[in-house]
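Taking it in order: structure first as structure tokens, then the write-up.
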Amino acid sequence: MARVPSGMSFDPERVTTVTFDSYSTLVDVDAAEVALKERVDDPEPVSKLWRARSLEYTFVANQIDAYQPFYEMNRDALQYALDAHGVDLSTEERDEILAVYHELDVFDDVREGIERLRNGGFDPYVVSNGNPEMLDSMVEHAEIGDLLADTISADEIRTFKPAADLYRHAAARTGTPIDEIAHVTAGWFDVMGAAHAGMQSVWVDRKGSPWEPFGGEPDLVIERFDDLVEALGL
Ligand SMILES: O=C(O)COP(=O)(O)O
């Protein structure tokens, strides 16, 4: 069931285009932990620090003009997480772990949900921090290439979420007024960034997580993509 947080309003009538975040929304980044398992005794904290640092690097990069492709952010963050936990791996081993990003598992509701949106007349796009090579392999592995209108990468303007410029760039690329876009994401910072830029924000909360006390609420909260399909009246 979709939840509309109190005081917030999701307006389905205004939506013509739906944009999706990729990592943690379409594909499961927690699966990256599996790649660590074979080489690290206690993979969970390493995986968590890796993921957290990747995102923190993107936030800092926006502020200090230090863009590098998201894959390289992940590479540096993995190195840091391993160092912080005293794990010494060769470059080849680190590369193998990193490559898991090319074949992350797709969530089971994704294909059907996007298909129903598309059949209902909405244009589905991906708007992601991932660089184009990552997005190509993500789309191929998730087998959703036939459903998407396009993928839009932070790399096109060398600026990461949640900078408003990236959402504005995405709106321009889709040819849609920004307030006619619903942005669907599991990332809290991405919910805030999309809303700040003028999109309607849809938070995918698959695990019943608490929402953030900071930064406003999503316009709509869904557990599965079907909930969005219903909220859009399809
Ligand atoms: O890893 C992230 O959440 C950032 O990448 P995304 O924009 O595709 O989500």
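Numbers for residues simply follow the sequence, beginning at 1. Bear in mind the structure is a predicted one, so any value in this text is a computation, not a measurement. Counting convention: from 1, in listed order, for ligands and their atoms alike.
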Nearest protein heavy atom to atom 6 (P) of ligand 1, by residue and atom, and its distance?
D21 OD1, 2.7 Å
Sub-4.5 Å side-chain heavy-atom contact between F59 and F160
no
Above 12 or not: heavy atoms from other molecules or residues under 6.0 Å from CG of D146?
yes
Should F70 be listed as contacting ligand 1, given a heavy-atom distance under 4.0 Å as the test?
yes
Do M138 and H102 have side chains that get closer than 4.5 Å, going by heavy atoms?
no
Proximal candidate to atom 3 (O) of ligand 1 [heavy atom criterion; set K161, M138, R51]
R51
Please confirm whether L55 approaches ligand 1 to less than 4.0 Å, judged on its heavy atoms.
yes
Distance from atom 5 (O) of ligand 1 to nearest protein heavy atom, with residue and atom:
N129 CB, 3.3 Å
Run the numbers for me: atoms of ligand 1, each under 4.0 Å from some heavy atom of S128, listed by number.
6 (P), 7 (O), 8 (O)
Hey, does D165 have a side-chain heavy atom less than 4.5 Å from the side chain of I157?
yes
For atom CD of E156, decide whether the heavy atoms of other residues, nucleotides or ligands shown that lie under 6.0 angstrom number more than 12.
yes
Can you tell if the side chain of D105 reaches within under 4.5 Å of the side chain of V27, non-hydrogen atoms only?
no
So is S24 polar-close to ligand 1, meaning N/O to N/O under 3.5 Å?
no
